[in-house]
Amino acid sequence: AMNKAGIVPTRKYFTADSTAKAILSDSEMENGVALIDFGAGCTSVSIYHGNIMRHYASIPFGGKSITNDIKSECLISERLAENIKLAFGACMPEKLQNLSEKVIHIVSNSIDPDKQLPVKYLSEIITARVEEIMMAILYEIHNSGFADMLRSGIVITGGSAQIANLNSFVSEISGYEVKTGYPRQLFTGQNCEGINEAAATPSLGLIYAAANESINCCHSVEVEENEDQKTPEDEAYVNENGELFSEEEKKELELTKEQKKELKRKEKELKEAAKEATKREKQKNKISWIDKIIEFSESVKEGIEKDQV
């Protein structure tokens with residue numbers, strides 16, 4: 001898929017580790033911390049202690065599970081459920097204060113009547129699913145054997161980390177100090193909307209990991225149609241150290257590729273010529289056998305006529 005898009009990867013990274021290094025400080029990883037990546041399709045936890053990842057686990061539930069709960073309970077579309085979650089989603093309905101009195105009016109586009117969704121009821125739906133997910137994560141933390149060594153507490157990142165009152169709720173059920181994990185200011189990103197949000201941390205983590213190795217994450221290449229599938233080594237101008245070739249090396253590589261194409265073309269012509277020669281030989285042998293059969297038939301016929309005489 002990446003080759004078809006004209007992109008060739010040069011390195012592979014463990015996303016959980018690269019994400020952690022884009023968020024956590026050295027002191028947090030040294031003293032013990034649990035990083036929870038609350039994504040859309042899954043939620044994972046990475047536990048660090050002594051600057052080493054000691055435990056990793058993932059469960060197949062995330063922000064999309066919350067969206068599906070809202071969709072099912074309110075009988076609305078998934079897109080509308082997602083928008084409502086982003087705009088009014090919150091945990092702990094008892095702490096919503098004035099927001100709990102608000103009612104979301106959902107206008108129907110069909111003959112069905114409009115719907116009324118109290119924000120407090122929405123919060124109850126979200127809290128129920130968040131509690132289920134976080135209890136599973138806390139179970140993994142307990143099984144890791146480092147539950148009593150997390151001096152830096154829990155850090156929550158990912159797209160679903162923006163749910164209101166999430167940190168307070170997780171702190172209440174876990175007893176740990178909880179905060180939201182945002183990307184550290186490791187580099188600047190002008191005109192990049194959302195680059196400093198928690199949802200951007202996985203992507204920024206991969207960029208930061210590649211930057212530490214002084215390589216580009218990927219290299220754009222031209223992909224020709226109706227061409228044999230190429231390997232990354234054939235398409236990417238990268239040397240053994242993962243660095244871009246110089247212009248001279250690039251020209252040599254391109255020349256080598258042209259030579260390879262020419263050799264493939266000549267090889268194809270030779271195969272076709274050999275195939276045609278074989279075909280002619282078979283036809284010649286076939287004609288030869290027919291002539292022999294005719295000659296034999298005539299000799300037999302002459303012999304019979306002599307015997308009759």
Side-chain angles (χ1 to χ4, degrees), residues 1-2 9 11-24 28-29 33-49 52-73 77-79 81-86 89-91 122-123 125-147 150 153-171 173-174 176 178-183 194-195 197-209 217:
M2 295 186 71
R11 286 287 189 278
K12 292 183 179 180
Y13 297 97
F14 182 37
T15 308
D17 190 46
S18 60
T19 300
K21 292 177 180 177
I23 301 172
L24 304 176
E28 287 175 327
M29 290 191 287
V33 64
L35 176 64
I36 298 176
D37 188 353
F38 199 174
C42 66
T43 304
S44 63
V45 58
S46 306
I47 297 177
Y48 284 83
H49 189 270
I52 299 173
M53 180 185 286
R54 303 291 182 173
H55 184 78
Y56 173 81
S58 178
I59 61 172
F61 300 99
K64 192 172 183 180
S65 302
I66 299 174
T67 302
N68 289 334
D69 289 345
I70 299 171
K71 179 187 73 171
S72 300
E73 287 292 327
S77 67
E78 183 175 346
R79 181 178 180 181
E82 179 68 17
N83 290 336
I84 290 174
K85 182 188 73 174
L86 295 175
C91 293
L122 173 67
S123 179
I125 297 172
I126 294 174
T127 302
R129 178 61 75 174
V130 170
E131 181 177 9
E132 180 185 26
I133 293 172
M134 291 303 161
M135 290 302 292
I137 292 297
L138 292 174
Y139 175 79
E140 291 293 340
I141 292 175
H142 176 75
N143 284 348
S144 69
F146 289 87
L150 305 181
I154 293 176
V155 178
I156 303 178
T157 191
S160 300
Q162 303 299 326
I163 296 176
N165 296 334
L166 176 62
N167 293 349
S168 299
F169 179 69
V170 176
S171 180
I173 63 176
S174 68
Y176 291 106
V178 181
K179 70 175 184 178
T180 303
Y182 295 101
I195 194 172
E197 296 179 1
T201 51
S203 299
L204 292 177
L206 292 174
I207 295 173
Y208 179 58
C217 294

Inset, instruction - Determine, stepwise, if the pair Thr180 / Asn167 fulfils side-chain hydrogen bond (donor to acceptor under 3.5 Å, both in side chains). - result: CA-CA 7 Å; Thr180 303; Asn167 293 349; 2.9 Å; yes
Inset, instruction - Any chance you could lay out the side-chain contact (heavy atoms from CB on, under 4.5 Å) test for Val170 and Phe38, step after step, and finish with the verdict? - result: CA-CA 12 Å; Val170 176; Phe38 199 174; over 6 Å; no
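Counting heavy atoms from C-beta outward, Asp37 and Thr15 have side chains that stay 4.5 Å or more apart. Counting heavy atoms from C-beta outward, Thr43 and Val130 have side chains that stay 4.5 Å or more apart. Side-chain contact between Ile36 and Met134: present, with at least one pair of heavy atoms (C-beta onward) separated by less than 4.5 Å. For the pair Ser18/Tyr208, no side-chain contact is recorded, criterion being any heavy-atom separation below 4.5 Å from C-beta on. The side-chain heavy atoms of Ile126 and Ile70, taken from C-beta on, include a pair separated by under 4.5 Å. Contact annotation: the side chain of Lys64 approaches that of Glu78 to within less than 4.5 Å [non-hydrogen atoms, C-beta and beyond].
Counting only distance, with no hydrogens or angles, the side chain of Tyr176 and the backbone of Ala147 share a donor-acceptor pair below 3.5 Å. Judged purely by atom type and a 3.5 angstrom limit, Thr201 uses its side chain to pair as donor or acceptor with the backbone of Ala198. In this structure, Ser123 contributes its side chain and Ala90 its backbone to a donor-acceptor pair below 3.5 Å. Between the side chain of Ser171 and the backbone N or O of Ser168 there is no donor-acceptor pair closer than 3.5 Å.
For the atom pair Ile163 CD1 and Lys85 NZ, the distance stands at 6.0 Å (nearest 0.5 Å). Distance CD1/Ile125 to OG1/Thr67: 11.5 Å, rounded to 0.5 Å. Between atom OH of residue Tyr182 and atom CD of residue Glu197 there is a gap of 8.5 Å, rounded to the nearest 0.5 Å. The distance from the OG1 atom of Thr19 to the CG atom of Leu24 is 10.0 Å, given to the nearest 0.5 Å. Taking CG from Asn143 and NE2 from His55, the interatomic distance works out to 7.0 Å, rounded to the nearest 0.5 Å. Note: Ile137 CD1 to Ser44 OG = 7.0 Å, rounded to the nearest 0.5 Å.
Minimum interatomic distance between Ser160 and Leu166 (heavy atoms only, all atoms of both residues): O-CD2, 3.7 Å. Here the closest non-hydrogen pair linking Ile47 and Ser144 is CD1-OG, 3.2 Å. Listed here is the closest heavy atom pair of Ala20 and Leu35: CA-CD2, 3.5 Å. The two residues Gly181 and Thr157 come nearest to each other via the heavy atoms O-OG1, 3.0 Å. When all heavy atoms of Thr127 and Cys91 are compared, the closest pair comes out as OG1-CA, 3.3 Å. Shown here for Ile154 and Ser174, the closest heavy-atom pair between the two residues is CD1-OG, 4.2 Å.
Using a 30° and 60° split on the angle between ring planes, His49 and Phe146 fall in the tilted class, from 30° to 60°.
Using a cutoff of 4.0 Å between basic side-chain nitrogens and carboxylate oxygens, Arg129 and Glu132 are scored as salt-bridged.
Qualifying side-chain contact (heavy atoms from CB on, under 4.5 Å) partners for Glu131, counting only residues two or more places apart in sequence or in other chains: Met135, Phe169.
For Lys21, the NZ atom counts as loosely surrounded, since its 6.0 Å shell holds 12 or fewer non-hydrogen atoms of other residues, nucleotides or ligands. Remark: Phe14 CZ is packed, more than 12 non-hydrogen atoms of other residues, nucleotides or ligands lying under 6.0 Å away.
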